[in-house]
Protein chains: 2
Amino acid sequence: MVMTIGTLGKATGTKAETIRYYEKIGLLPPPSRSGGNYRSYGEAELGRLSFIRRARQLGFSLDQIRALLELSEDRGRDCATVDALARGHLAEVERKIADLTALQRELAAMIASCHGGTVGSCRIIEALGPC
Amino acid sequence: MVMTIGTLGKATGTKAETIRYYEKIGLLPPPSRSGGNYRSYGEAELGRLSFIRRARQLGFSLDQIRALLELSEDRGRDCATVDALARGHLAEVERKIADLTALQRELAAMIASCHGGTVGSCRIIEALGPC
DNA sequence: ATGCACCCTGTAGCAACTAGAGGGTCAAGC
DNA sequence: GCTTGACCCTCTAGTTGCTACAGGGTGCAT
């Protein structure tokens, strides 16, 4: 089953530009070309790109994905490194949630303190202004 | 009280480069200069930069801050616009928290399913791989 | 043969900084 | 008065993960 870049894109929910970008940064290997110089992809590329997209949806960075792909190629290797990578990412996500939750509380408090009126007496502006 | 860029930076927790950047994009007005062509800042700039930094800490974008600054200059105006801006930002933060929480659950489940062994049988890699 | 959808390369843009090169200024200490 | 070091200046380019052109070529149907 041979695909053009557009077909592969539709199959994985990726724009053609993004696929070319992944190729440029070495996340996808340069594929073979058709007569008219079109990129042509098969099952292997479909699998690899699906992996990348699923990992992106889980918030992994392209560098982390590069590492995951490399690790996944060596099927005999201990998967502790993979585990560590995923745990590190989870920790990062949890830190972000904590940060945003703190932010949310502050914002909500600020908004609750505003009871309308003019900007001159606005508690939101006041909360941001000089102490 | 006259300050150089470094002093202003220390007072507001901002790097000199960032202050110059804010000036370049028009968030801070170009300050007067000393004999040796050094930027010199006073209380007004300190207040404005503090406002910017506090708003950044609350996650407002520079464009939102630009709007807030403009609104805050017109003390007689109704503060409804300010309120709407803050509420919009809060909604955005809450959406991000929801997204990240969903992510966290997926990641945690993926990690929990991995019981060690080799990459070949790793559930994490499997979860990312082809269906 | 001509339209249209698709493909190609290459470059520039987004947010919000950060880092560096290559130089000038200023105050203190000797 | 001269050096040393900390600071300042401008300008450019890098970061992340794409996205959006511009200016062309290809492939298929009518």
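Within every chain, numbering begins at 1; the chains are lettered A, B, ... in the order of the sequence lines, protein sequences first and strands thereafter.
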* To do: For the side chain of B:Tyr38, starting at C-beta, report the closest nucleotide among D:dG27, D:dC9, D:dC18.
  => D:dC9
* **Lys/Arg-Asp/Glu bridge criterion (N-O < 4.0 Å) met for B:Lys96, B:Asp99** => no
* Asked: So what does B:Thr4 touch, heavy atoms closer than 4.0 Å: a base, only the sugar-phosphate, or nothing?
  -> sugar-phosphate
* To do: Report yes or no: does A:Arg54 contribute a side-chain atom to a donor-acceptor pair with the main-chain N or O of B:Gly129 at less than 3.5 Å?
  => yes
* Asked: To the nearest Å, how far apart are A:Asp63 CG and D:dT16 P?
  -> 6 Å
* Check whether any side-chain nitrogen or oxygen of A:Thr18 sits under 4.0 Å from OP1 or OP2 of D:dC18, and answer yes or no. => no
* Asked: Roughly how many Å is it from CD in B:Glu17 to P in D:dG14, rounded to a whole number?
  -> 17 Å
* Asked: Quick one: do B:Glu43 and B:Arg48 make a salt bridge, cutoff under 4.0 Å?
  -> no
* For A:Met3 and D:dG27, what is the distance between atoms CE and P respectively, to the nearest whole Å? -> 18 Å
* If you look at every strand shown and take non-hydrogen atoms under 4.0 Å, does A:Ser34 touch a base, only sugar-phosphate, or nothing? -> nothing
* Structure fact -> When rounded to whole Å, the NZ to C1' distance for the pair B:Lys15 and D:dA6 reads 17 Å
* Asked: At under 4.0 Å between heavy atoms, what does A:Arg39 touch on the DNA or RNA strands: base, sugar-phosphate, or nothing?
  -> sugar-phosphate
* To do: Would you kindly give the CG-to-P distance between B:Asn37 and D:dC8, to the nearest whole Å?
  => 13 Å
* Take the protein atom OH of B:Tyr21 and the nucleotide atom P of D:dC9, then report the distance between them rounded to whole Å. => 18 Å
* To do: Extract, from 5' to 3' on DNA chain C, the first and final nucleotides lying under 4.0 angstrom from some heavy atom of chain B.
  => C:dA16 to C:dC26
* Asked: Taking for each residue the nucleotide of DNA chain D bearing the nearest heavy atom, is the 5' side occupied by B:Lys24 or by B:Lys10?
  -> B:Lys10
* Asked: If you look at every strand shown and take non-hydrogen atoms under 4.0 Å, does B:Arg56 touch a base, only sugar-phosphate, or nothing?
  -> sugar-phosphate
* Nearest heavy-atom neighbours spanning A:Gly117 and B:Asp78 -> O-OD1, 3.3 Å
* B:Arg33 has an atom CZ; how far is it from atom C1' of D:dC7, in whole Å? -> 15 Å
* **Whole-Å gap separating C1' (D:dC9) and CZ (B:Arg20)** => 7 Å
* Counting only N and O atoms by type, is there a donor-acceptor contact under 3.5 Å from the side chain of B:Arg123 to the main-chain atoms of B:Cys114? -> no
* Touch check for A:Phe60, heavy atoms < 4.0 angstrom, all strands: base, sugar-phosphate only, or nothing? -> nothing
* Check: B:Leu8 main-chain N/O paired with B:Thr12 side-chain donor or acceptor under 3.5 Å -> yes
* Other residues, nucleotides, ligands: >12 heavy atoms within 6.0 Å of A:Arg20 CZ -> yes
* To do: For A:Ile5, answer base if it contacts any base atom (sugar-phosphate contacts may also be present), sugar-phosphate if it contacts only those atoms, and nothing otherwise; contact means non-hydrogen atoms under 4.0 Å.
  => sugar-phosphate
